[in-house]
There are 2 protein chains.
Amino acid sequence: MTTTGGRVRVGERLPTLEDVARLAGVSRATVSRVINGIRNVDPQLHELVWDAVGRTGYVPNRLARSLVTRRTGTIALVVSDSESHDDDPFMGRFFADPYFGRVVGGLMSVLRTAGIQLALQIVGTEDQRTRLVGDLRHGQADGVVVLSLPGHDPLPRMLTDAGVPAVMIGRPADPVPINYVDLANDAGAALAADHLVARGCQLVGMIAGPADVPASSDRITGFRRSMARHGHGWVPQVSGNFTQESGEAAMRTLLADHPHLDGVFVANDLMALGALLALRDEGRTVPADVAVVGFDDSSAATAADPALTTVRHPLEDMAAEAARLLMTRIDDPDMRVSSVIYEPTLIKRRSA
Amino acid sequence: MTTTGGRVRVGERLPTLEDVARLAGVSRATVSRVINGIRNVDPQLHELVWDAVGRTGYVPNRLARSLVTRRTGTIALVVSDSESHDDDPFMGRFFADPYFGRVVGGLMSVLRTAGIQLALQIVGTEDQRTRLVGDLRHGQADGVVVLSLPGHDPLPRMLTDAGVPAVMIGRPADPVPINYVDLANDAGAALAADHLVARGCQLVGMIAGPADVPASSDRITGFRRSMARHGHGWVPQVSGNFTQESGEAAMRTLLADHPHLDGVFVANDLMALGALLALRDEGRTVPADVAVVGFDDSSAATAADPALTTVRHPLEDMAAEAARLLMTRIDDPDMRVSSVIYEPTLIKRRSA
DNA sequence: TTGTACGCGTTATCAT
DNA sequence: ATGATAACGCGTACAA
């Protein structure tokens, strides 16, 4: 340890608690107490220690700290996929979609101020899932926010069995006692139905998402039930996979099968964008000939022409709530399993 | 330690190397060697140990391992902002934009297969930056990929000074000996200029991004220089901030000041989307009255109507390359500072 | 080839 | 109030 004009060096390695203690002439324990702001400390030493900290440029080693406190200050965002799409462009599309970014933004808005960092994990295979749970049980992260893509995902159950603090965004497909934040998707779809009917549409179709994911199936049942209540017992329906291209294709087949269609509910904005393109291409004007209602109120909705009438999905708020829920669960292991359901609203623009 | 039918429990706590060793009747060191696949091991013991691992359900503790190996298997993606936008919706917009997701997707495509996880960090204030560098020097992450938003960012220099393996996506604004992956933005802008001139445009304007960020200023200088070469010494220019709304506003003022405008180069697709809306609103048809060229070839380009002619920005590839560059730098501390520049291409669609 | 013993940097427990 | 000292779980020289 060499001293030159106030600054102190300890060779190549970074200064440790030990170095600070030696410089301040106290024990490691005392320095630790000062750093962590524990009361029982002589004001004199307090200042002495901070001075030594400043002169050495000491920074606590988070790893070493985590090893003993069993707290990492990290929350994992795990994207659970059904299979490993390593050479499949699917995951690429997933990240490029507004969905992923909105979730991350919402999570960060609350984690940032709490000084918690987000670690991104993607699991596709059974092996990856078990490894993830293993790491989690060791406290590699204090808790996890789960984005489950496939219909029947074993991960939620594995997490609860392992006792890992977890919150899902979107309810689990299978009944599992896990915390989650979700949107009343069926109510949102009903909003769309009400609006299309009130508009006077006579033949309304639906472009749905994959039937095995809850958010999608809820929109389907919600829409069909509401339409039925309005006297429309039968609703032509075609499924896409939430991409713009699939929406465009779905619209074409819908139009081909039902030329008199004058309204359509699309399960997400991206597909609605594709539907708009197909409609224009087929010479139909929106909303005069065909009224279109989307879902999500993503950036695509205002980018569309005409701007999309859509069901607002407050994803950022939901992600933020998930983060808060997770943080309280982490601090209170006895917290009961709970869920928060958001109510959707209809945003009226020009397309319907 | 209790044994029941092959399965072994060690009380509440998770099994450690010690537990496995005891069960296998060997020392901790031997178990460690087997786990880490080190040669010099008796095949007999090898099997014995793996058996014990299976029966205990042992999983290595990454934290403890990292503490001694000084390797975390984690790479940090740090988004460096000029100020703390805690209550500013700016960061929310950033995450919702395709840019962020494309970068994450590109990074994950290579990190995933390498079994490396991504930790997201956002730094806005001076304090947050120094804390980040401190943690990084301790090896909280093996390296960092930097996304620098503001014009003059002190972070790159701080990282190189600290000796932290780092790669930037987009060159640093100030000269700093740091690795980076970038696009030849000026060449891309020149492509746009060539195309608009070849199309026969007489009065071409530009909607630019913030002048202090390199990617943006390079597009400006590249475009103006190329236009000058084509005999267009003067190019009317209005600046936006890369959002759709700002693009719409910019287009309106450009149109108001120069009614005879018949071509426009927009510095990114999002603003181009806004420009398209403004043009339609003003009764101009694209590309007949005004030709529009965007930049990025993001999902917005194909979503637009008419589909955008745009300069392709291979962001996913660049991010993947950044990850690879970082990984080799981590393995080889003596790697010379290097950069990779990608060449842009013009994607011709309907808007120009 | 295997085991012993130490170190990684911190917090927590116990005396004092 | 403060200081030894024992964990935390693992890798690895070094010795055997």
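All values derive from a computational prediction rather than experimental measurement. Quick note on labels: first sequence line is chain A, next is B, and so on, each numbered from 1.
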Using the closest heavy atom to pick a nucleotide of DNA chain C for each, name whichever of Ser27(B) or Arg70(B) lands nearer the 5' end.
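Per heavy-atom nearest nucleotide, the more 5' residue is Ser27(B).
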How close or far is atom [atom2] of [N] from atom [atom1] of [X], stated in whole angstroms?
{"X": "Leu63(A)", "N": "dG11(D)", "atom1": "CG", "atom2": "P", "answer": "14 Å"}
{"X": "Ile35(B)", "N": "dT12(D)", "atom1": "CD1", "atom2": "C1'", "answer": "16 Å"}
{"X": "Arg71(A)", "N": "dC8(D)", "atom1": "CZ", "atom2": "P", "answer": "19 Å"}
{"X": "Leu67(B)", "N": "dT11(C)", "atom1": "CG", "atom2": "P", "answer": "12 Å"}
{"X": "Arg22(B)", "N": "dG3(C)", "atom1": "CZ", "atom2": "P", "answer": "15 Å"}
{"X": "Glu18(A)", "N": "dG9(C)", "atom1": "CD", "atom2": "C1'", "answer": "10 Å"}
{"X": "Asn36(A)", "N": "dT10(C)", "atom1": "CG", "atom2": "C1'", "answer": "9 Å"}
{"X": "Leu17(B)", "N": "dG3(C)", "atom1": "CG", "atom2": "C1'", "answer": "14 Å"}

May I ask you to check whether Asp19(B) and Thr56(B) show a side-chain donor-acceptor distance below 3.5 Å?
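Not at all, the side chains of Asp19(B) and Thr56(B) share no donor-acceptor pair under 3.5 Å.
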Looking only at side-chain N and O atoms, does Asn40(A) come under 4.0 Å of OP1 or OP2 in dA1(D)?
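Checking dA1(D) against Asn40(A), a side-chain N or O does come within under 4.0 Å of OP1 or OP2.
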Does Thr30(B) make a side-chain N or O approach to OP1 or OP2 of dG3(C) shorter than 4.0 Å?
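Checking dG3(C) against Thr30(B), a side-chain N or O does come within under 4.0 Å of OP1 or OP2.
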Nearest heavy atoms of Ala320(B) and Ser109(B), plus distance in Å
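In terms of heavy atoms, the two residues are closest at CB-OG, 4.0 Å.
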Pick the closest DNA chain D nucleotide for Gly25(A) and for Arg13(B) by heavy atoms, then say which residue is nearer the 5' end.
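Per heavy-atom nearest nucleotide, the more 5' residue is Gly25(A).
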Starting from the 5' end of DNA chain D, give me the residue, Arg33(A) or Thr16(B), whose nearest nucleotide shows up first.
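By nearest-heavy-atom nucleotide position, the 5'-most residue is Arg33(A).
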How is [X] classified with respect to the nucleic acid when contacts are heavy atoms under 4.0 Å: base, sugar-phosphate, or nothing?
{"X": "Arg28(B)", "value": "base"}
{"X": "Thr69(A)", "value": "sugar-phosphate"}
{"X": "Leu45(A)", "value": "sugar-phosphate"}

Using the side-chain heavy atoms of [X], tell me which of these nucleotides is nearest: [options].
{"X": "Arg65(A)", "options": "dT10(C), dT1(C), dC10(D)", "value": "dT10(C)"}
{"X": "Ala64(A)", "options": "dG3(D), dG9(C), dG9(D)", "value": "dG9(C)"}
{"X": "Asp42(B)", "options": "dG9(C), dT10(C), dT1(C)", "value": "dT1(C)"}

Pair Asp127(A)-Arg131(A), salt bridge (charged side-chain N to carboxylate O under 4.0 Å, His left out): steps then yes or no:
CA-CA 6 Å; Asp127(A) 189 54; Arg131(A) 178 148 37 221; 3.0 Å; yes
Min side-chain heavy-atom separation Ser66(A)-Leu63(A) under 4.5 Å
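A side-chain contact under 4.5 Å is absent here.
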Are Leu17(B) and Ser32(B) packed together at the side-chain level, in the sense that at least one heavy-atom pair is separated by less than 4.5 angstrom?
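With C-beta onward as the side chain, the pair touches.
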